[in-house]
Amino acid sequence: MGAAGAQKRAVTEAGADVAIRRRRTQAERRAEAESRVLAATAELVAEKGIDGVTLAEAGERAGYSRGLAAHYFGSRDELLAAMAEAIHDEFSQQRRERLRGTSGLARLMATLDASFERPAVGMVKMRAYIAVLMGAAHKPALAEAVATFNRESATEFGRLIGSAMEAGEIRPDIDARTQALILSAALRGIMAQWVLDPEGVDLVRIREEFIALVARSLAISPS
């Protein structure tokens with residue numbers, strides 16, 4: 001290849017690199033915009049409830065145009081579902097970070113303990129998340145999202161219970177799926193009560209009593 005050809009190729013490759021960087025930058029900008037819109041939506045839901053939010057207001061609250069939220073998310077319910085999913089993922093990430101180095105029954109109990117750390121994400125996000133859980137019944141997009149959260153939670157607890165059973169650390173007569181559903185539902189109910197009445201619900205005491213209760217219910221009876 002001559003010098004002219006090599007120079008042309010270098011220019012072409014440089015142009016391709018610029019295009020790739022531009023595409024990545026656009027993707028990053030969209031990700032940032034979506035994150036800001038979801039955060040703004042959580043603020044609005046915490047203030048007004050799920051029926052008081054509009055796509056236009058979410059876009060404006062995030063610092064963008066009135067039409068951006070509709071462009072990215074389509075409908076208000078889809079926006080609310082995406083917001084709840086983002087908060088749910090944040091909960092899950094926090095919990096995973098707490099579980100490193102644990103296994104069997106210890107991992108199950110650590111998961112329960114970590115589930116009470118949700119207030120660490122902030123009352124705004126907690127109120128927004130609970131609002132979606134409580135208002136999803138007659139909104140298909142929200143109902144589907146909440147059903148997915150519930151299945152994921154029950155599946156995780158079921159897997160942890162099954163692992164502890166295999167290790168001989170809890171009673172062998174336990175129905176793992178039923179217990180998983182009970183644990184998941186109980187935790188959701190506790191957090192909903194705390195969000196509605198943070199001054200009247202002693203989350204620290206409930207955390208201690210709940211974990212002790214679960215440990216007693218799963219314990220292997222002395223022979």
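The two atoms that bring Ala62 and Ala40 nearest to each other are N-CB, 3.7 Å, heavy atoms only. Considering all non-hydrogen atoms of both residues, Ala128 and Val45 come closest at CA-CG1, 3.7 Å. Listed here is the closest heavy atom pair of Asp77 and Ala141: CB-CB, 3.8 Å. Asp51 approaches Arg76 most closely through the heavy-atom pair O-NH1, 3.2 Å. Residues Thr41 and Ala58 come closest through the heavy atom pair OG1-CB, 3.6 Å. Ala70 and Leu55 get closest at one heavy-atom pair: CB-CD1, 3.9 Å.
Residues in residues 36-47 take part in these salt bridge (Lys or Arg N to Asp or Glu O under 4.0 Å) pairs, two or more places apart or across chains: Glu43-Arg61, Glu47-Arg61.
The structure places CZ of Phe157 at 4.5 Å from OG of Ser115, a figure rounded to the nearest 0.5 Å. Considering CE of Met83 and OH of Tyr129, their distance stands at 9.5 Å, rounded to 0.5 Å. Taking OH of Tyr64 as the reference point, atom CD of Glu34 lies at 10.0 Å (rounded to 0.5 Å). For the atom pair OG of Ser75 and NZ of Lys139, the computed distance is 10.0 Å after rounding to the nearest 0.5 Å. The CD1 atom of Ile161 lies 7.5 Å from the CD1 atom of Ile174; values are rounded to the nearest 0.5 Å. The distance from atom CE of Met134 to atom CZ of Arg127, rounded to the nearest 0.5 Å, is 10.0 Å.
Within the 4.5 Å cutoff, side-chain heavy atoms of Trp194 are placed close to those of Met123. Side-chain atoms of Met109 and Asp113, non-hydrogen and from C-beta on, never get closer than 4.5 Å to each other. Taking 4.5 Å as the limit, every side-chain heavy atom of Gln93 sits out of range of all side-chain heavy atoms of Glu90. Under the 4.5 Å side-chain criterion, counting only non-hydrogen atoms from C-beta, Arg30 is in contact with Tyr72. Between Gln179 and Val214 the shortest side-chain heavy-atom distance does not fall below 4.5 Å.
Ser92 contributes a side-chain N or O that, together with a main-chain N or O of His88, makes up a donor-acceptor pair within less than 3.5 Å. Without hydrogens or angle criteria, Arg171 side chain to Ser217 main chain gives a donor-acceptor distance under 3.5 Å.
Glu57 is linked by a side chain to side chain contact (heavy atoms under 4.5 Å, CB included) to Leu44, Lys48, Thr54, counting only residues two or more places apart in sequence or in another chain.
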